[in-house]
Amino acid sequence: MLVLGLQVAGQLNASNGPLTSSEDMLLLEWLNPSVSAVDDHRGRLLGQYVPGTREWLKTEVEEWIGDVHDSAARVLWLNAPAGIGKSVMAALVADQLQRENLLGAAFFCKHDDLRLKLAQSLVTTVAYSLSKWCPFIGRFLLTLRTAENAVDFRANSSQLFKQLVVDPLNEIASIFPPKKPIVIIVDALDECGEMNSRGPMLRIFAAEFKKLPGFVRVLVTSRREPDIVDAFTASNLPQRIILPSDSDNERDATIVAETRLKEMGVIDASLRSSISRRLLNKSKGLFVWLTMALGSLKGHEITLERVDNLPQGLDEIYASVFAKFFGRRTDPILTLHMQLKFPWNN
């Protein structure tokens, strides 16, 4: 690939200036990335962020990125249970890194959007985003449209990842390596593809991540689905487990509750604090529960009694929704089915 890279560099006249509009259009037509869908989803997630929360995560990410010459921990798997707010965390980190010019690409998977759940969309969107970060990559990719080893989009996702992401980044490293690290974010990997078919893809993705050059960092977020755990554990990928009961998470949940209650007109600080404590206890540290519970309080007088009557945890939320529509409480089996069908993991 080094010989090809040097040839490509010559063909491109060593130019790393911005892509022309025609070059950008060719890339869009060829790769068909899900850029607008990613941007829309990411914007909605960022809109849920409450200032003052997740400061600990920002610090941890900054320490993990480290120096461009330190490639020991280039991949970090951030995993947590459903409902803790992983996707909002990922959107926050992406926003921070973009402002610092350290974001190479970001893809936010979503189980109910075809543009955001296919492995091929993930690969082509990351490749296109990298071409915007470094125009040389875009021009390198364009040469593959007519090269003898042109990209076959019918190939498996791991082969596409190698051709469209790993190889171009390694060419950059060999020709003019960046002086600062860049980060690729893949959020909610558990929502990409189906559990019964994505195992081989996950194992190969985990292996391909390790072939990226040292200046690249990859942040992956997901739930601890068995196939993801098996794939990433087998590849010895570093991980950061976030639990609802972690002190940092509970502190952030309290900030969210107090902030939203103040916005909803609970002026008395003592009452707001008491309600926040009870909400935290009922939420069990799950932000999705807080969001649903606070939404149910809107338009009502917010009292301790009303808060005490809220369902406890997500299981009771599912049961109360079922009862509202069907007139009776659900059983554990149906609750499990609802959890699987509606993961509420943003």
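Across Lys284 and Pro244, no two heavy atoms sit closer than the pair O-CB, 3.0 Å. Among all heavy-atom pairs drawn from Pro181 and Gly66, the shortest one is CG-O, 3.6 Å. Minimum heavy-atom separation, Leu290 to Ala253: CD1-O, 3.6 Å. Considering every non-hydrogen atom in both Ala127 and Leu141, the closest pair reads O-CD1, 3.9 Å. What you find for Ala82 and Leu286 is that their closest heavy atoms are O-CD2, 3.5 Å. Among all heavy-atom pairs drawn from Phe108 and Ser87, the shortest one is CE2-O, 4.0 Å.
Between the side chain of Ser235 and the backbone N or O of Phe232, no donor-acceptor pair lies under 3.5 Å. The backbone N or O of Leu310 sits less than 3.5 Å from a side-chain atom of Lys282, completing a donor-acceptor pair. At least one donor-acceptor pair under 3.5 Å links the side chain of Ser174 to the backbone N or O of Glu171. In terms of modelled atom types and a separation under 3.5 Å, the side chain of Thr53 and the main chain of Val50 share a donor-acceptor contact. When atom types are taken as modelled, the side chain of Arg217 and the backbone of Ile182 share no donor-acceptor pair closer than 3.5 angstrom. Looking only at distances, no side-chain donor or acceptor of Lys132 sits under 3.5 Å from a matching main-chain atom of Pro18. With hydrogens and angles ignored, the 3.5 Å screen pairs a side-chain donor or acceptor of Ser34 with a backbone N or O of Arg115. Checked by atom type and distance alone, the side chain of Arg306 pairs as donor or acceptor with a backbone atom of Glu301 at under 3.5 Å. In this structure a side-chain-to-backbone donor-acceptor pair under 3.5 Å is present from Thr254 to Glu250. For the pair Asp246 (side chain) and Leu243 (backbone), a donor-acceptor distance under 3.5 Å is present.
Leu280 and Ile275 end up in different hydrophobic clusters when Ile, Leu, Val, Met, Phe, Trp and Tyr side chains are linked at under 4.5 Å. Hydrophobic clustering keeps Ile241 apart from Val88 (ILVMFWY residues linked when any side-chain heavy atoms are closer than 4.5 Å, directly or through intermediates). A continuous path of ILVMFWY side-chain contacts below 4.5 Å connects Val165 to Phe153, so both sit in one hydrophobic cluster. Hydrophobic clustering of Ile, Leu, Val, Met, Phe, Trp and Tyr side chains at less than 4.5 Å, counting indirect connections, unites Val38 with Trp30. Ile172 and Val216 fall within the same hydrophobic cluster, defined by Ile, Leu, Val, Met, Phe, Trp and Tyr side-chain heavy atoms under 4.5 Å apart, directly or through other members.
Side chain to side chain, Arg278 and Ser274 fail the donor-acceptor criterion of an N or O pair below 3.5 Å. For the 3.5 Å distance criterion, the side chains of Asn101 and Trp133 fail to qualify, holding no donor opposite an acceptor.
Using a 4.0 Å cut-off between charged nitrogen and carboxylate oxygen, Arg139 and Glu23 count as a salt-bridge pair. Residues Arg42 and Asp187 are not paired through a salt bridge, judged by the lack of any N-O separation under 4.0 Å between the basic side chain and the carboxylate. A salt bridge does not link Lys110 to Glu191: none of the charged nitrogens lies less than 4.0 Å from a carboxylate oxygen. Checked for salt-bridge contact, Asp167 and Lys162 meet the test: a charged N lies under 4.0 Å from a carboxylate O. In summary, Arg44 and Asp40 do not engage in a salt bridge, as defined by a charged side-chain N under 4.0 Å from a carboxylate O.
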Please lay out, stage by stage, how Ser273 and Arg277 fare under the test side chain to side chain donor-acceptor pair (under 3.5 Å). CA-CA 6 Å; Ser273 178; Arg277 286 195 299 271; 2.8 Å; yes

Could you go through Arg154 and Gln159, starting from their C-alpha distance and side-chain angles, then the distance that decides it, and tell me whether this counts as side chain to side chain donor-acceptor pair (under 3.5 Å)? CA-CA 10 Å; Arg154 295 169 299 178; Gln159 180 65 20; over 6 Å; no

Under the criterion side-chain contact (heavy atoms from CB on, under 4.5 Å), I'd like the reasoning laid out for Trp289 against Leu279: C-alpha separation, chi angles, the key distance, then a yes or no. CA-CA 9 Å; Trp289 186 97; Leu279 287 172; 3.9 Å; yes

Checking side-chain contact (heavy atoms from CB on, under 4.5 Å) for the pair Lys210/Leu237: CA distance, chi angles, key distance, verdict? CA-CA 9 Å; Lys210 292 187 175 182; Leu237 294 185; 4.0 Å; yes

Give the intermediate values and the outcome of side-chain contact (heavy atoms from CB on, under 4.5 Å) for residues Asp24 and Tyr128. CA-CA 9 Å; Asp24 187 57; Tyr128 177 77; 2.5 Å; yes

Test log, rule side-chain contact (heavy atoms from CB on, under 4.5 Å), inputs Ser131 and Leu19: CA-CA 8 Å; Ser131 75; Leu19 294 174; 4.2 Å; yes

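Between Leu219 and Ile184 there is no side-chain heavy-atom pair separated by less than 4.5 Å. Looking only at side-chain heavy atoms (C-beta outward), Lys180 and Glu100 stay at 4.5 Å or farther from each other. Side-chain atoms of Lys58 and Leu92, non-hydrogen and from C-beta on, do get closer than 4.5 Å to each other. Between Trp56 and Asp252, the closest side-chain pair of non-hydrogen atoms falls below 4.5 Å. Using a 4.5 Å heavy-atom threshold, the side chains of Asp190 and Arg224 count as separate. Here the side chains of Cys109 and Leu122 are in contact, with some heavy-atom distance below 4.5 Å. In this structure the side chain of Phe107 never reaches within 4.5 angstrom of the side chain of Leu189, judged on heavy atoms. Between Leu76 and Val218 there is no side-chain heavy-atom pair separated by less than 4.5 Å.
With rounding to the nearest 0.5 Å, the separation of CG in Leu118 from CG in Leu114 is 4.5 Å. Taken to the nearest 0.5 Å, the CG atom of Asn249 stands 4.0 Å off from the CD1 atom of Ile84. The SG atom of Cys192 sits 9.0 Å away from the NZ atom of Lys117 when rounded to the nearest 0.5 Å. In this structure, CG on Leu57 lies 9.5 Å from CG on Asp248, to the nearest 0.5 angstrom. Note that the CG atom of Asp113 and the CG atom of Leu116 stand 4.0 Å from one another [nearest 0.5 Å]. The CH2 atom of Trp77 sits 11.0 Å away from atom OG1 of Thr221, with the distance rounded to the nearest 0.5 Å.
Heavy-atom contacts from other residues, nucleotides or ligands closer than 6.0 Å to NZ of Lys298 number 12 or fewer. Other residues, nucleotides and ligands place more than 12 heavy atoms under 6.0 Å from the CE atom of Met264.
Judged by a 6.0 Å distance limit and a 45° cone about the ring axis, Arg54 is positioned over the six-membered ring of Phe287.
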